[in-house]
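Counting starts at 1 for both ligands and their atoms, in listed order.
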Amino acid sequence: MSNAALRALNPTTNEPFGPVFPEPDAAAIDAACAAAAAAFDTYRETAPEARAAFLEAIAAEIEAIGDILIETAMAETGLPLARLTGERGRTTGQLRLFAQVVRRGDWIGARIDPALPDRKPLPRADLRQRFIPLGPVVVFGASNFPLAFSTAGGDTAAALAAGCPVIVKGHPAHPNTGALVGGAIARAVAAAGLPAGVFALLTGQSHDLGGGLVRDPRVKAVGFTGSRAGGMALVRIAAERPEPIPVFAEMSSVNPVVLCPAALAARAETLGAAFVGSLTLGAGQFCTNPGLVFALAGPDLDRFTTAAAAALTTAQPHVMLTPGIFGAYEQGVDRLAGREGVEPLARGCVGDGVNQAVGALFAVEAETFLRDAVLGHEVFGSSSLIVRVTDAAQMKTLLESLEGQLTATLQMDADDADFARGLLPTLERKAGRILANGWPTGVEVSHAMVHGGPFPATSDPRGTSVGTRAIERFLRPVCYQDIPDDLLPAALKTGNPLDLARAVDGVLTS
Ligand code: NAP
């Protein structure tokens with residue numbers, strides 16, 4: 001944003017507090033990138049057990065910070081105690097989950113195609129493959145998860161698990177929280193006897209800092225969560241480097257919810273109230289917030305709409321993370337309200353504090369939605385649009401018209417199976433996660449989770465930023481041809497000293 005010195009801001013008062021964070025300059029960027037590059041070869045060859053223990057030590061150091069971490073995050077973000085306490089558990093939990101993955105070793109992807117010296121007409125060489133980490137990774141902490149998707153969040157955990165040194169561009173909305181967590185990681189680095197360059201935190205609020213880190217030739221990949229404009233700016237910078245690098249940017253999603261006819265007929269009122277619960281959770285500041293609802297027009301949808309509107313009118317306002325995010329939300333709601341054919345249905349309760357988001361619900365006919373692309377754009381916060389659909393064919397047309405999404409949800413009963421089956425191929429092409437009878441907010445950190453999807457949900461649909469598969473984004477395969485055994489990495493030596501499950505001639509062996 002600016003080059004002015006950064007201080008934390010309490011979003012409930014708009015008062016700055018705490019120390020000044022001087023903007024890191026070009027020399028600071030250079031030093032962090034040089035240290036990360038120097039640390040890479042040592043860190044990437046840490047044995048699985050040592051690297052796993054390091055990840056667990058970070059988790060323990062974060063817990064050892066104690067209540068001050070939660071109190072600081074509350075003051076900087078306006079998020080409540082229970083939410084941040086849960087988020088701390090998620091942060092340490094995902095570090096420990098990645099430790100399990102590192103120990104298991106299957107991410108190394110060891111494959112051995114033994115030599116076939118007698119093969120005719122040509123012999124085959126001895127071929128061995130493993131994944132190695134890409135190199136230093138720059139992680140842009142997210143504003144809306146100051147713990148679980150920031151300094152020691154999902155991208156950092158995945159990159160460190162892969163063996164990549166990490167430089168975090170700290171989010172200016174929570175500099176003190178970032179500093180506490182950054183200190184915890186630095187202590188774990190030192191205790192493990194690793195080079196200091198394995199981790200760095202540079203907090204600032206100028207685009208020069210983020211841009212400078214992405215431009216640095218020693219940086220080999222980027223993880224980002226934030227706005228579409230910010231993510232795309234970094235994608236462009238990375239693509240224009242003499243050596244382009246991958247950017248895994250998680251940016252924008254409206255998370256369509258389809259109310260299938262039988263489910264709507266059976267439980268319109270319950271669905272209406274539950275939908276508003278998901279919409280207003282955490283002031284709607286989730287990338288998985290349900291911003292679009294599609295259903296066949298008729299009395300059942302009217303019942304849903306009435307119930308949702310009634311629930312929203314009693315929803316309490318909640319302070320948003322920053323004045324900027326609050327301002328963007330207000331603009332987004334005004335933009336929606338001003339589009340032709342958009343009908344206001346309900347607003348939430350108005351508060352008397354600053355930066356307090358008031359929920360917003362609108363409705364529109366499907367023909368209007370199909371004519372106006374703006375109606376499908378994300379409004380970050382608790383705003384949603386109900387689209388009245390005429391028939392199943394139009395439902396498919398509407399879903400086809402959408403951009404890529406993190407999630408797509410089907411509210412369905414047994415009698416909706418054929419209706420839902422007809423939509424699934426479209427939803428698979430559009431979204432990274434398809435849910436039945438749940439709500440998209442709430443993302444489990446697990447092995448099977450996908451938090452990704454086609455553009456603009458992410459800049460690269462081939463991965464996930466939540467769950468253990470996230471490690472794969474920071475790896476690349478290397479093949480060793482006829483390399484003598486004593487020069488091979490441990491993962492590929494004939495004696496299998498790491499006791500890995502390996503594919504030998506395509507057959508998994510342990
Ligand atoms: P943001 O403006 O995209 O900023 C995220 C990070 O990227 C910050 O560290 C920012 O640093 C950096 N950045 C942004 N543009 C940059 C550029 N052109 N060059 C270099 N660095 C850049 O996101 P935010 O501040 O968290 O929130 C703003 C909006 O983002 C929200 O209103 C919402 O629309 C969206 N958002 C989406 C999600 C999601 O999960 N989809 C999550 C959070 C926010 P500096 O500003 O310090 O340069």
Give the atom numbers and elements of ligand 1 that come within less than 4.0 Å of a heavy atom of [X].
X	answer
Asn144	40 (O), 42 (C), 43 (C)
Glu250	39 (C), 40 (O), 41 (N)
Ser206	47 (O), 48 (O)
Ser227	1 (P), 2 (O), 3 (O), 23 (O), 29 (C), 30 (O), 35 (C), 36 (N)
Gly230	14 (C), 15 (N)
Met251	37 (C), 39 (C), 41 (N)
Thr225	40 (O)
Gly211	20 (C)

Please report, to 0.1 Å, the donor-acceptor pairs under 3.5 Å made by any side chain of residues 352-361, with sequence neighbours excluded.
residue : atom : partner : partner atom : Å
Asn355  : ND2  : Pro11   : O            : 2.8
Asn355  : ND2  : Asn14   : OD1          : 2.8

So if I apply the side chain to side chain contact (heavy atoms under 4.5 Å, CB included) rule between Ser384 and each of Leu312, Leu279, Val379, which one comes out positive?
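Result: among Leu312, Leu279, Val379, Leu279 is the only option passing the side chain to side chain contact (heavy atoms under 4.5 Å, CB included) with Ser384.
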Just distance, no hydrogens or angles: give the donor-acceptor pairs under 3.5 Å from side chains in residues 159-186, sequence neighbours left out.
residue : atom : partner : partner atom : Å
Lys169  : NZ   : Gly204  : O            : 2.9
His171  : ND1  : Ala173  : N            : 3.0
His174  : NE2  : Ser150  : OG           : 2.7
Asn176  : ND2  : Glu76   : OE2          : 2.7
Thr177  : OG1  : Glu76   : OE1          : 2.6

Tell me whether Gln285 contacts the main-chain N or O of Leu321 through its side chain, where contact means a donor paired with an acceptor under 3.5 Å.
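Yes: the side chain of Gln285 pairs with the backbone of Leu321.
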Given Ala142, Gly226, Gly231, Gly327, which one has a non-hydrogen atom that is nearest to atom 36 (N) of ligand 1?
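Going through Ala142, Gly226, Gly231, Gly327 one by one, Gly226 has the nearest heavy atom to atom 36 (N) of ligand 1.
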Is Ser143 close to ligand 1, meaning an N/O of one under 3.5 Å from an N/O of the other?
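Yes.
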Nearest atoms (heavy-atom pairs only) where Asn255 meets Pro440
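Here Asn255 and Pro440 meet closest at CB-CG, 4.3 Å.
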Compute the centroid of each ring, for Phe248 and then for Phe474, and state whether the two points are separated by less than 6.0 Å.
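They qualify: ring centres under 6.0 Å apart.
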Glu472/Arg469 salt bridge by N-O under 4.0 Å criterion:
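Result for this pair is yes, salt bridge flagged.
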Test: Arg388 and Glu343 ion pair at under 4.0 Å
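Between Glu343 and Arg388 there is a salt bridge, with a charged N closer than 4.0 Å to a carboxylate O.
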Are Phe224 and ligand 1 in contact, using a heavy-atom cut-off of under 4.0 Å?
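Within the 4.0 Å threshold, so yes.
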Looking at ligand 1, does Gly204 have a heavy atom less than 4.0 Å from it?
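True for this residue.
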Give the contacting part of Ala233 toward ligand 1: side chain, backbone, both or neither, where contact means a heavy-atom distance below 4.0 Å.
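Side chain only.
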Region of Leu234 engaging ligand 1 - heavy atom pairs below 4.0 Å
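Side chain only.
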Any side-chain heavy-atom pair from Leu292 and Leu402 closer than 4.5 angstrom?
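They are in contact (side-chain heavy atoms under 4.5 Å apart), so the answer is yes.
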